[in-house]
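These notes are about the structure you will find just below.
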Amino acid sequence: MIRRVWITRAQPGAARTAARLTALGFAPVVTPLLTLRPLPAALSAAPDLSTVAALAFTSPNGVEAFAALTPELRDRPVYAVGDATAEAARAAGFTDARSAAGDIHALARLIAASPIQGLILAPGAREPAGDLAALLPQRDIQRLPVYAAEETGATPPADFDAVLVHSPRAARALAASLALEAAAQRLAVCISAAASAPLAALGFAEIRTADAPHEASMLTALGKSVSPV
């Protein structure tokens, strides 16, 4: 029986995941393998913000880090990778946030189908999981690193039944920190195939990959059906 679920993602997302797990009857074990460090000097490398036609975000973390840097651009259209990211943008004061309801490829399709012309600023991680600009060579997209995801060096918990892996970066940290014998008889639930790949050699009893790249699908894979978040 799956009861204790290890959350590896960084705060503040880990707390939100813990609350959802608790509501579903699980016992969350919050031991993040990553921490998010804001990059306060990011705007020094940014273009003139008055030239930005739209914004693109691939995670709520990018929204929150960028929103903390400047009160500007709240009236620009926002293209968000998924519903949680779009909701984070609205909560930060962006008045026109549109969700691709998928992964970075879905986000690229949403932008490609839009009538927006001009510079699209893409604030996000210093080491992003995907390259949005490469998917849209016909568009003027400029990446802006606004936070860095860094490994915490945390010791894996001794007692857990399953582990949630929200990113390839977290998966690499997990693969580097978890002993083979600790993975045996335990379940790993990953947000994508890219996040599951680094875990293949660890010997988990089972690795499940979410049907869609969002937490609701991960929790469904864990064994409980939930509404999209």
Side-chain angles (χ1 to χ4, degrees), residues 2-22 26-42 45 57-66 68-69 81 84-85 88 104 123-131 143-210 213-215 218-219 221-222:
I2 297 171
R3 169 67 176 162
R4 293 175 60 81
V5 181
W6 177 15
I7 301 167
T8 61
R9 71 185 302 195
Q11 295 286 14
R16 294 192 291 264
T17 301
R20 290 167 187 146
L21 286 171
T22 299
F26 294 103
V29 180
V30 181
T31 306
L33 294 179
L34 299 177
T35 186
L36 304 182
R37 180 171 62 84
L39 301 176
F57 292 107
T58 56
S59 74
N61 296 329
V63 173
E64 291 162 5
F66 180 75
L69 290 175
V81 69
T85 303
I104 194 170
R126 185 172 60 188
E127 298 178 22
D131 189 344
R143 192 168 71 85
L144 180 67
V146 291
Y147 73 92
E150 300 175 342
E151 294 186 18
T152 62
T155 300
D159 186 11
F160 68 96
D161 305 308
V163 57
L164 298 181
V165 183
H166 283 74
S167 69
R169 183 68 186 276
R172 293 193 295 271
L174 177 61
S177 64
L178 190 66
L180 295 180
E181 60 271 19
Q185 307 303 314
R186 284 164 169 162
L187 167 69
V189 178
C190 303
I191 197 167
S192 66
S196 67
L199 307 184
L202 283 181
F204 278 100
E206 185 180 359
I207 298 176
R208 299 177 189 170
T209 301
H214 51 65
E215 188 168 88
M218 292 178 71
L219 297 181
L222 182 64

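Keep in mind the model is a prediction, meaning the values are calculated, not measured. Heavy-atom basis, side chains included; hydrogens, waters and symmetry copies ignored.
Rounded to the nearest 0.5 Å, atoms CG (L178) and CG (L199) are 9.0 Å apart. The CZ atom of R20 lies 13.5 Å from the CG atom of L222; values are rounded to the nearest 0.5 Å. One finds the CG atom of L164 at 7.0 Å from the OG1 atom of T17 (value rounded to the nearest 0.5 Å).
Not a single salt bridge (charged side-chain N to carboxylate O under 4.0 Å, His left out) links R186 to another residue, sequence neighbours left out. Scanning for side-chain contact (heavy atoms from CB on, under 4.5 Å) contacts around A195 gives V165, P168, C190, I191, S192, with sequence neighbours left out. Here E181 pairs with nothing under the salt bridge (charged side-chain N to carboxylate O under 4.0 Å, His left out) rule; sequence neighbours left out.
Taking each heavy atom of V81 and S59 in turn, the nearest pair found is CG1-N, 4.2 Å. When all heavy atoms of A170 and T8 are compared, the pair lying nearest together is CB-OG1, 4.1 Å. The two residues P60 and A88 have their closest heavy-atom pair at CB-CB, 3.9 Å. Closest of all the heavy-atom pairs between A162 and I2 is CB-CG2, 4.0 Å. Shortest non-hydrogen contact noted between L202 and A175 is CD1-CA, 3.8 Å. When all heavy atoms of A193 and T209 are compared, the pair lying nearest together is N-CG2, 3.6 Å.
The stretch residues 158-178 participates, sequence neighbours left out, in these salt bridge (Lys or Arg N to Asp or Glu O under 4.0 Å) pairs: R4-D159, E127-R169. Applying the salt bridge (Lys or Arg N to Asp or Glu O under 4.0 Å) test to pairs two or more places apart or on separate chains, those with a residue in residues 191-207 are E206-R208. Among pairs with a residue in residues 179-206, none fulfils ring pair (Phe, Tyr, Trp, His ring centres under 6.0 Å), at least two apart in sequence or across chains. Residue pairs meeting the ring pair (Phe, Tyr, Trp, His ring centres under 6.0 Å) criterion with at least one member in residues 154-185, sequence neighbours excluded: W6-F160.
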For a quick test of your reading: what N or O donor-acceptor pairs under 3.5 Å do the side chains of residues 30-41 make, sequence neighbours left out?
{"from": "R37", "atom 1": "NE", "to": "E150", "atom 2": "OE2", "distance (Å)": "2.9"}
{"from": "R37", "atom 1": "NH2", "to": "E150", "atom 2": "OE2", "distance (Å)": "3.0"}

Task: Full working for side-chain contact (heavy atoms from CB on, under 4.5 Å) between L219 and L21 - done: CA-CA 8 Å; L219 297 181; L21 286 171; 3.7 Å; yes

- [ ] Assess whether side-chain contact (heavy atoms from CB on, under 4.5 Å) is satisfied between T85 and V63, documenting all intermediate values.
- [x] CA-CA 7 Å; T85 303; V63 173; 3.9 Å; yes

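Residue-environment remark: CD (Q185) stays at or below the threshold of 12 foreign heavy atoms within 6.0 Å.
Looking only at distances, no side-chain donor or acceptor of R9 sits under 3.5 Å from a matching main-chain atom of A15.
Here the side chains of P12 and E64 are in contact, with some heavy-atom distance below 4.5 Å.
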